[in-house]
Protein chains: 2
Amino acid sequence: MAGRPKIFDENVVVEKATSVFLDKCYDATSADELLAAMGIGKGSFYLAFQGGKQELYQRSLQQFSDRFSGKLETAIANAPNGIDVIKSYFYAIAEGNKATKYRGCYLGNALVQLSEKDNSTREIAARLLGRLQEIFTAAVRKAQAAGQLKTTADPELIGLHLCNFWNGIHVTKRMGKSPKALRALVDLNLQILS
Amino acid sequence: MAGRPKIFDENVVVEKATSVFLDKCYDATSADELLAAMGIGKGSFYLAFQGGKQELYQRSLQQFSDRFSGKLETAIANAPNGIDVIKSYFYAIAEGNKATKYRGCYLGNALVQLSEKDNSTREIAARLLGRLQEIFTAAVRKAQAAGQLKTTADPELIGLHLCNFWNGIHVTKRMGKSPKALRALVDLNLQILS
DNA sequence: CAAATTTTGTACTAATTAGTACAGAATAAA
DNA sequence: TTTATTCTGTACTAATTAGTACAAAATTTG
């Protein structure tokens, strides 16, 4: 392949863009701001991302989801009890830290922040969040089969509940609730996994 | 008081602005768009809302919360069983309709959509959502005292759970879930109110 | 009616926006 | 080395942005 070589790696710059999108909503993030964070110029950007800001955002959502889902799936697959892995994720949200306190879930944010006009991107975010739900469902089904769970409730429903609780706590966190209150909330909502 | 009379009612135009803010996030809503919806010119607007768009948004959040909280409190106070009123609100969300399917909760949206730079507005949204939590908590406490609830769990915790479930389902709804799935989710999360 | 007061609409500014055009730079292949 | 190819950085456009300035309009009070 002839031609001047790219001075950047697309995956790397998408990741840099993600950290900008995590701080503000899509519409409020300017292309200039993204370019500065990505460290490339307009020429390079609009050549690599011909769909402009929208394409960048969609790829950012996809990359984030791939990495996050992959990490969670691996952790569940390698643990003796996948349900414990899921529990630890929720308790980690309850603890939080200053940097992530007001960030929420990248995919959930997208779902809430996207205006009605950009249906295609919102559908992508919805589908990617659906993957999280499926991971929860699969882990519950596996644990039920292994006799690691008391509940006989539909694993689909429990998966939906966990995904919904995930969505909720990432919003409720932003109300400034203490880790103690959030821990009690997690306790209550994960009782079904005992 | 002498002077040319106002051609508009501030509460009315704030309400009109609210319906614009409901469709898109704060940052993405232009002042021009708001003015068009409000039906007033720049001169009038910047005189009545000297804090500009931010003041308008904060007053919009406050007005929305006042009206919504008032309606909910009245409904609970006038019902034989306040818990049934709360349940009906959640089942109504599960049913939804095309117009509100992707709208979510105005206050929750604010919490998620506001960038980190506008802390003061986010704190207002957090405080107003806290009112919802308090209404839930008070209703639970009252029902417990009246022997209408089996659970002896801390009413504060149940109130927090309901507020969190409220936050969650307004996001989960946007994943395109069917009313049937959402109803099952409500069933599961309101079991504690049986 | 005249003066004081308040509101309105228009015209304007200065900054920022997303995206395009294109000359030139850097490479691989012939 | 020449040619074909791909990428980069700069300069540009045309639209939109939030907010200001201010003259004229509409009212109350004296």
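Here is the naming used below: chain letters follow the sequence lines, and residue numbers restart at 1 for every chain.
Rounded to a whole Å, the CG atom of A:Asp27 is 13 Å from the P atom of D:dA18. The separation between A:Lys42 atom NZ and C:dT16 atom P is 13 Å, rounded to whole Å. In this entry the distance linking CD of A:Gln54 with C1' of C:dG19 reads 14 Å, nearest Å. To the nearest angstrom, P of D:dG9 lies 13 Å from CE of A:Met38. Separating the CD atom of B:Glu55 from the C1' atom of D:dG19 is a distance of 14 Å, rounded to the nearest angstrom. If you measure from atom CZ of B:Phe45 to atom C1' of C:dT8, you get 15 Å, rounded to the nearest angstrom. Atom C1' of nucleotide D:dA18 and atom CD of B:Gln50 are separated by 15 Å, given to the nearest angstrom. Atom CG of B:Leu34 and atom P of D:dA18 are 8 Å apart (whole Å).
The residue B:Ile7 sits close only to the backbone: its heavy atoms come under 4.0 Å of sugar-phosphate atoms, none of a base. Counting non-hydrogen atoms under 4.0 angstrom, A:Phe49 reaches nothing in the nucleic acid.
Between A:Arg127 and A:Glu123 no salt bridge is recorded (no basic side-chain N to carboxylate O distance below 4.0 Å).
In the set D:dT8, D:dT5, D:dT17, the nucleotide with an atom closest to the side chain of A:Arg4 is D:dT8. Among the nucleotides D:dT20, D:dT17, C:dA18, the one closest to any side-chain atom of B:Ser30 is D:dT17. Distances from the side chain of B:Asp32 to the nucleotides D:dT10, C:dT10, D:dT17 place D:dT17 closest. Looking at the side chain of B:Ala2, the nearest of the listed nucleotides C:dA11, C:dT17, D:dT27 is D:dT27.
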(message) Checking A:Leu190 against A:Phe165 for the side-chain contact (heavy atoms from CB on, under 4.5 Å) test, could you report, in this order, the C-alpha distance in whole Å, the side-chain angles of both residues, the deciding distance, and whether it holds?
(response) CA-CA 9 Å; A:Leu190 298 191; A:Phe165 181 47; 4.3 Å; yes

(message) Under the criterion side-chain contact (heavy atoms from CB on, under 4.5 Å), I'd like the reasoning laid out for B:Tyr91 against B:Asp187: C-alpha separation, chi angles, the key distance, then a yes or no.
(response) CA-CA 9 Å; B:Tyr91 283 105; B:Asp187 287 339; 2.3 Å; yes

(request) In sequence, state the C-alpha distance, the side-chain angles, and the governing distance for A:Asp66 and A:Gln62, and then conclude on side-chain hydrogen bond (donor to acceptor under 3.5 Å, both in side chains). (result) CA-CA 6 Å; A:Asp66 288 346; A:Gln62 185 72 50; 3.2 Å; yes

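Residues B:Pro5 and A:Leu47 both approach DNA chain D. Their nearest nucleotides, taken by heavy-atom distance, put A:Leu47 toward the 5′ side.
The aromatic ring centres of A:Phe21 and A:Tyr57 sit less than 6.0 Å apart.
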